[in-house]
Amino acid sequence: MTTKVAANSAAYEAIVRAGPRVKQLQQVHAHLIVTGYGRSRSLLTKLITLACSARAIAYTHLLFLSVPLPDDFLFNSVIKSTSKLRLPLHCVAYYRRMISSNVSPSNYTFTSVIKSCADLSALRIGKGVHCHAVVSGFGLDTYVQAALVTFYSKCGDMEAARQVFDRMPEKSVVAWNSLVSGFEQNGLAEDAIRVFYQMRESGFKPDSVTFVSLLSACAQTGAISLGSWVHQYIVSEGLDLNVKLGTALINLYSRCGDVGKAREVFDKMKETNVAAWTAMISAYGTHGYGKQAVDLFNKMEDDCGPIPNSVTFVAVLSACAHAGLVEEGRSVYKRMTESYRLIPGVEHHVCMVDMFGRAGFLDEAYRFIHQLDATGKATAPALWTAMLGACKMHRNYDLGVEIAKRLIALEPENPGHHVMLSNIYALSGKTDEVSHIRDGMMRNNLRKQVGYSIIEVENKTYLFSMGDESHQETGEIYRYLETLISRCKEIGYAPVSEEVMHQVEEEEKEFALRYHSEKLAVAFGLLKTVDVAITVVKNLRICEDCHSAFKYISIVSNRHIIVRDKLRFHHFQNGSCSCLDYW
DNA sequence: TTAGGGTTAG
């Protein structure tokens, strides 16, 4: 008996030594069969788990089938492994097999299966698993419930996520984190921040995972005061600045307008990976510092940094597109396909079309799309949207109208395409067509999004919308804005009115423009602060007139004005913008 | 053996 146990443990050790490597595992398996241990349940379970970790799913299943009457431990092992390895369909398949084999699931089973349903965003299947967990008596298990919060969040159902969370008899830091992350991932940054405060009030101590989500939420809304508080807290508590936390901080500072600070964090990180480098490259790119973005990318290659992935290439190509670095962009695209053997996706194609288009090479952009046509990849609306942007920018109205009509045929529900067509008609002076499009939009209930701008002053957040009069100091803000605008006019500012509101009178037009939300926020910021840079976050893209006005305002107020729009940053200083009017 | 995290175009 003693020798059997010894031999068994030697076999176990041999399996562990083989590790998640198929060839080695197969050798050990052969040895097990020869020595008579090929039917040992515990050894096979370990072997199966490792085969699964090696992602050898066919081999895993073959081994699994060799076990007569699999028990709950074996089922849980494969369910957990497939879930962890992001093989969610296999995970759900093993779960179903477990049920049909009449083997009882446990809380271990449910947490893994629910996680896989979350990966699949399979709301219907996951709800079924949720019900099964409840009737099996695991509905109140802490682990199962935390997994459910994540599951509903990933399916976009925050109401259900909140409900599961609220009904938890005992909450955990992980469950709180799931909820914070859920709101943040669904674009509900304010709710994420609110939950974070509730978490602290309930006496839970946030950890680095909480802060990663919280920092992302701060980056989303531009809440720099809370964001930098978190940074200080991390430092003062001596929390380890791991890669994810560092990356979240880079993203925070970048999206709150401070690229220098983002770079400081990047330089201080002990460990970096492809996401951290990509975040930093993207920071340079969105702020219009194309050269720095390309330099950092080159450094990544030269200094044996992490291997760039397709996300990195989107960041670099987009940086080139926005800085007019056509030759650099071409070279990067070539390296991506030839040196790294990455297959470009629609997002990379869009960057290329955008890059050629912005630089005025409309023919080349068009040719690029047609080359894709041959491979059947030219149908993506995003490609034509980029091409359309170029037509508008370079005043090629005929081609613009043709493309806009094509886009409307492809996506009639997208108000953006109608607005674009209307703007092109407006720019080419076809006012009848403008009214026609606008009427059509009204009839079909297609509305433009409501724009708003946010500014933080002394740790408080103020929100402005167009023509806003809700603010306590409305009168003062408007009067100050009037003064600013008239001083701007004295040095050459002429309101741009061609794009907007062609049906109204000239004066009204100018009046409406002057009170765009970003103008109100900027005026408020200048009024309330002295000598510092002000940062405004807008939910839509900045309009041409505000862009022009802020250049002049940066002169008359002698201030650095930073505006983050839906996609990019604009640093206005001494009469010019960092985007070089190239956005 | 169990649950939670960072990077991407327009």
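Proteins come first, then strands; the chains are lettered A, B, ... in the order of their sequence lines, and each starts at number 1.
- Checking the phosphate oxygens (OP1, OP2) of B:dG5, no side-chain nitrogen or oxygen of A:Ser213 falls inside 4.0 Å.
- Side-chain atoms of A:Thr210 stay outside donor-acceptor range of the base of B:dG5, with no qualifying N/O pair under 3.5 Å.
- Within 4.0 Å (heavy atoms only), A:Val173 reaches at least one base atom of the nucleic acid.
- Residue A:Asp141 is classed as having no contact, given no heavy-atom separation below 4.0 Å to the nucleic acid.
- Atom CE of A:Met352 is separated from atom P of B:dG10 by 13 Å (rounded to the nearest Å).
- Counting any heavy atom pair closer than 4.0 Å across all strands shown, A:Asn251 reaches sugar-phosphate atoms only and no base atom.
- For A:Val350, the listed nucleotide lying nearest its side chain is B:dA9; candidates were B:dA9, B:dA3, B:dT8.
- Within the 4.0 angstrom heavy-atom criterion, only backbone atoms of the sugar-phosphate kind lie near A:Ser318; the bases stay farther away.
- Residue-level contact check: A:Lys46 touches neither bases nor backbone, having no heavy atom under 4.0 Å from any strand.
- Taken to the nearest 0.5 Å, the OG atom of A:Ser202 stands 14.5 Å off from the OH atom of A:Tyr197.
- Side-chain proximity of A:Ser208 to B:dG5, B:dG6, B:dT2: nearest is B:dG5.
- By the 30° and 60° cut-offs, the orientation of the rings of A:Tyr333 relative to A:His349 is tilted.
- Here the side chain of A:Phe73 is nearest to one of B:dG5, B:dT7, B:dT1, namely B:dT1.
- Rounded to whole Å, the distance from CG on A:Asp565 to C1' on B:dG10 is 11 Å.
- Residue A:Thr385 places its side chain closer to B:dG10 than to any other of B:dG10, B:dA9, B:dT7.
- A:Trp277 and A:Phe297 have their aromatic ring centers separated by at least 6.0 angstrom.
- Which of B:dT2, B:dT8, B:dG5 sits closest to the side chain of A:Lys154 comes down to B:dG5.
- Between A:Leu140 atom CG and B:dA3 atom C1' the separation is 15 Å, expressed in whole Å.
- The aromatic rings of A:Tyr95 and A:His132 sit tilted relative to each other, their planes meeting at an angle between 30° and 60°.
- Side chain of A:Thr286, nearest nucleotide from B:dG6, B:dA9, B:dG10: B:dA9.
- Among the protein residues, A:Ser310 comes within range of no part of the nucleic acid, since none of its heavy atoms lies under 4.0 Å from any strand.
- For A:Val346, counting side-chain heavy atoms from C-beta on, the closest listed nucleotide (B:dT1, B:dA3, B:dA9) is B:dA9.
- Using a 4.0 Å heavy-atom distance criterion, A:His322 is classed as a sugar-phosphate-only contact.
- Within the nucleic acid shown, A:Ser216 comes within 4.0 Å of sugar-phosphate atoms alone, with no base atom in reach, counting heavy atoms only.
- Summarising the geometry, atom OG belonging to A:Ser282 is positioned 11.0 Å from atom CG belonging to A:Leu296; distances are rounded to the nearest 0.5 Å.
- A donor N or O paired with an acceptor N or O is not found under 3.5 Å between the base of B:dG6 and the side-chain atoms of A:Asn242.
- For the pair A:Trp384 CH2 and B:dG10 C1', the interatomic distance rounds to 16 Å; values are reported in whole Å.
- Expressed to the nearest 0.5 Å, how far NE2 of A:His417 lies from CG of A:Leu407 amounts to 4.5 Å.
- More than 12 heavy atoms of other residues, nucleotides or ligands lie within 6.0 Å of CG in A:Leu567, so this atom counts as buried by the packing criterion.
- Regarding A:Leu215, its CG atom lies at a distance of 10 Å from the C1' atom of B:dG6, rounded to whole Å.
- Contact between the side-chain N/O atoms of A:Lys115 and the OP1/OP2 oxygens of B:dT1 is not found at any separation under 4.0 Å.
- Taking the side chain of A:Ala147 as heavy atoms from C-beta on, and the options B:dT1, B:dG5, B:dA3, the nearest nucleotide is B:dA3.
- One atom, CG of A:Asn414, and another, P of B:dG10, lie 16 Å apart when rounded to the nearest Å.
- Between A:Tyr284 and A:Tyr289, the ring planes are perpendicular. Angles over 60° get that label, and only those under 30° would be called parallel.
- Separating the CZ atom of A:Phe266 from the P atom of B:dG6 is a distance of 19 Å, rounded to the nearest angstrom.
- Side-chain nitrogen and oxygen atoms of A:Gln185 include none within less than 4.0 Å of the OP1 or OP2 phosphate oxygen of B:dG5.
- With B:dG6, B:dG5, B:dG10 as the choices, the nucleotide that has an atom nearest any side-chain atom of A:Val243 turns out to be B:dG6.
- Atom P of nucleotide B:dT8 and atom OH of A:Tyr333 are separated by 21 Å, given to the nearest angstrom.
- In this structure, A:Thr150 reaches the sugar-phosphate backbone alone: every heavy-atom distance under 4.0 Å involves primed, P, OP1 or OP2 atoms, never a base.
- Distances from the side chain of A:Tyr108 to the nucleotides B:dG6, B:dA3, B:dT1 place B:dT1 closest.
- When heavy atoms are screened at a 4.0 angstrom cut-off, A:Val180 is found touching no nucleic acid atom at all.
- Base contact: A:Val274 has a heavy atom under 4.0 Å from a base atom.
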